[in-house]
2 protein chains.
Amino acid sequence: MYTSRISKQTIKRLAIYYRYLEKLHKEGRRTVSSHEIGEELGLKASQVRKDLSYFGGFGKRGVGYEIRTLALKVSKILGLTRSWNVCIVGAGNLGRALLRFPGLKEKGFRIVSVFDKDSAKIGKPVERDLVVIDVKRLSEIVKAEQIEIGVITTPAADAQEVAELLSKSGVKGIINFAPARVSVPETASLEEIDISVAFSSVAFGIITSEEDSD
Amino acid sequence: MYTSRISKQTIKRLAIYYRYLEKLHKEGRRTVSSHEIGEELGLKASQVRKDLSYFGGFGKRGVGYEIRTLALKVSKILGLTRSWNVCIVGAGNLGRALLRFPGLKEKGFRIVSVFDKDSAKIGKPVERDLVVIDVKRLSEIVKAEQIEIGVITTPAADAQEVAELLSKSGVKGIINFAPARVSVPETASLEEIDISVAFSSVAFGIITSEEDSD
DNA sequence: GAGTGTGAACTATTTCACAGCT
DNA sequence: AGCTGTGAAATAGTTCACACTC
């Protein structure tokens, strides 16, 4: 269907539109214009319309977009109408924080297992019905539980190895929080969330804005 | 100095180069070529050279880059040669995980206080020498502790309010982990780390690669 | 010979501007 | 009249290609 070249940036904006549409829907609103969406999210109205137009003409000229309909269309595009089995590799602070991160379950991302290689952690409960499993059993469990998305929250040194293990086990998408870039086969979908890079980027921004004002 | 228009993407790559340079340095290596950096990080050599050239000619033709010198230059550019006082707003799971996130302290990001509005959390220790402080005291403490960077790990509904409070209190840079976009004054530096958007983006990637192979 | 630094060419993304529905 | 959908224009970012240095 819409399999062609849509940029990752467009997809991320779509996910942000979706969140805003849900909010409007909860407030009882029925329609919204591209101008209003852009206003709220800090984007040009034309950007919003262009992003949506890649997937079809969802709006009504002279009116705007019907919130309920558009939210449904966008959730379909983003794969939010089905559920996804997710595993977390690395039962440290960040891994455990993600177990309770708000909004994931509601969007269909179900964290069904947590792995670690540390024998002190293996077997310990991390959530009502979850216990840390030895990473040696990852492949077996990914298959048994039909896990499609793996989240890496290990130390940097283990990230590449875990990425390969996940890919080989049949995981289709990876989200990497470890402070190291990983590479995965072309066929897998990868998202890198680089926390320490974000800090450096902010620090750079502060320095340059101070220089500008000299 | 190099105050002009450098893209955020270039800065983020610089932070990634820096991490790789540190690794090479620890391994005892002395020089590296743009080709090798690109190979390791999945970028074209010309991209690496272009990024570095914005800030000066750091390399030697025929030789490459002297790792120690380049690492020092890049760390200067990114503001990693000084330290930054950071506060976290929101003492939930994610906020507490960030307190121990590896590499931040080493890069000079010192988390000096943690705030929350929940009276059940206020006063409780979160780390050796840190206790959760009432967010009402944020402005006072930001000034007293000379905090320049604020990290938002509150629920989405509180994120915009906290961003404004931080800006008004004199914080120059904000990193927002809440699943909501925030807006800050032009003068402040902002980085949004949108975890649920990353999940949606990966889900979209999986769906489209499955369609492609039909 | 090897590898940088950089203008020029190319590609991707954003924004404009306006025809065309409702 | 209001607001979408979309080619065309403008802008931003990447990659090429090669002169130049070590």
Side-chain angles (χ1 to χ4, degrees), chain A residues 2-17 20-21 24 29-71 73-74 77 181 201 204-205 208, chain B residues 2-17 20-21 24 29-71 73-74 77 181 201 204-205 208:
Chain A
Y2 37 72
T3 188
S4 50
R5 270 307 109 218
I6 304 291
S7 83
K8 210 169 230 187
Q9 295 171 86
T10 290
I11 297 307
K12 288 184 178 177
R13 283 191 300 262
L14 238 43
I16 295 165
Y17 302 158
Y20 180 50
L21 291 169
L24 290 176
R29 291 275 308 277
R30 307 201 61 82
T31 63
V32 66
S33 69
S34 61
H35 187 271
E36 190 177 352
I37 297 174
E39 180 79 1
E40 173 73 16
L41 302 173
L43 298 164
K44 290 269 192 299
S46 55
Q47 177 77 84
V48 175
R49 292 200 303 277
K50 183 68 93 178
D51 286 338
L52 295 173
S53 77
Y54 292 131
F55 299 94
F58 301 139
K60 275 201 178 60
R61 291 167 196 229
V63 179
Y65 301 88
E66 214 269 294
I67 291 166
R68 226 180 124 48
T69 316
L70 183 60
K73 293 278 187 189
V74 173
I77 293 164
R181 292 285 143 140
S201 173
F204 176 83
T208 49
Chain B
Y2 35 72
T3 187
S4 48
R5 271 304 109 216
I6 305 290
S7 83
K8 211 170 229 185
Q9 296 172 85
T10 290
I11 297 308
K12 289 184 177 175
R13 283 192 299 263
L14 239 43
I16 295 165
Y17 302 157
Y20 180 52
L21 291 168
L24 290 174
R29 290 276 308 277
R30 304 201 63 82
T31 62
V32 66
S33 69
S34 61
H35 186 272
E36 191 176 352
I37 297 174
E39 181 79 0
E40 174 73 17
L41 303 172
L43 299 164
K44 289 269 192 299
S46 56
Q47 177 78 84
V48 175
R49 292 201 301 280
K50 183 69 91 179
D51 286 338
L52 295 172
S53 78
Y54 291 132
F55 299 94
F58 300 140
K60 275 201 178 60
R61 292 167 196 230
V63 179
Y65 302 88
E66 216 269 295
I67 291 167
R68 226 181 126 45
T69 317
L70 183 59
K73 293 280 188 188
V74 173
I77 293 163
R181 292 284 144 140
S201 172
F204 175 83
T208 49

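Here the structure is a predicted model, which is why all the values come from computation and not from measurement.
- Partner V32(B) forms a side chain to side chain contact (heavy atoms under 4.5 Å, CB included) with one of E36(B), R30(B), H35(B) and no other, that one being E36(B).
- For the pair R49(A) and Y65(A), the minimum side-chain heavy-atom distance is below 4.5 Å.
- Atom CD in E66(B) sits roughly 16 Å away from atom P in dG3(C) (whole-Å rounding).
- Checking the phosphate oxygens (OP1, OP2) of dA12(D), no side-chain nitrogen or oxygen of Q9(B) falls inside 4.0 Å.
- Residue S7(A) is in sugar-phosphate contact alone, with no base atom involved, counting any heavy-atom pair closer than 4.0 Å across all strands shown.
- The side-chain heavy atoms of Y20(A) and I16(A), taken from C-beta on, include no pair separated by under 4.5 Å.
- In this entry the distance linking CD1 of I67(A) with P of dT4(D) reads 12 Å, nearest Å.
- Atom CG of D51(A) is separated from atom P of dG5(D) by 12 Å (rounded to the nearest Å).
- Phosphate contact (OP1/OP2 of dT13(C), side-chain N/O of R13(A), threshold under 4.0 Å): absent.
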Stepwise, does the side chain to side chain contact (heavy atoms under 4.5 Å, CB included) test hold for F55(A) with V74(A)? CA-CA 9 Å; F55(A) 299 94; V74(A) 173; over 6 Å; no
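- Counting only heavy atoms from C-beta outward, the side chains of D51(A) and V48(A) never approach each other to under 4.5 Å.
- In this structure, F55(B) atom CZ and dT6(C) atom P are separated by 13 Å, rounded to whole Å.
- Each of dT4(C), dG13(D), dT6(C) was ranked by its minimum atom distance to the side chain of S34(B); first place goes to dT4(C).
- For Y65(B) and dA2(C), the shortest distance from a side-chain N or O to OP1 or OP2 is not below 4.0 Å.
- Whole-Å rounding puts the H35(A) NE2 to dA1(D) P distance at 19 Å.
- Q47(B) contributes atom CD, which lies 11.5 Å from atom CG of L41(B) (distance to the nearest 0.5 angstrom).
- Using a 4.5 Å heavy-atom cutoff, the side chains of L70(B) and L52(B) are in contact.
- Between K8(A) atom NZ and dG13(D) atom C1' the separation is 17 Å, expressed in whole Å.
- Here K50(B) pairs with S53(B), Y54(B) under the side-chain contact (heavy atoms from CB on, under 4.5 Å) rule; sequence neighbours left out.
- Rounded to an integer number of Å, the gap from E36(A) CD to dC3(D) P is 10 Å.
- Note: NZ (K12(B)) to P (dG13(D)) measures 12 Å, nearest angstrom.
- Taken residue by residue, residues 37-50 of chain A places heavy atoms nearer than 4.0 Å to DNA chain C at K44(A), S46(A), Q47(A), R49(A), K50(A).
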What protein N or O atoms touch nucleotides 19-22 of chain D N or O atoms at under 3.5 angstrom, if any, and at what distances?
unit_1: dC20(D); atom_1: O2; unit_2: R61(B); atom_2: NH1; d: 3.0
unit_1: dC22(D); atom_1: O4'; unit_2: R61(B); atom_2: O; d: 3.0

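- Counted within 6.0 Å of CZ on R29(B), heavy atoms from surrounding residues, nucleotides or ligands total more than 12; the atom is thus considered enclosed.
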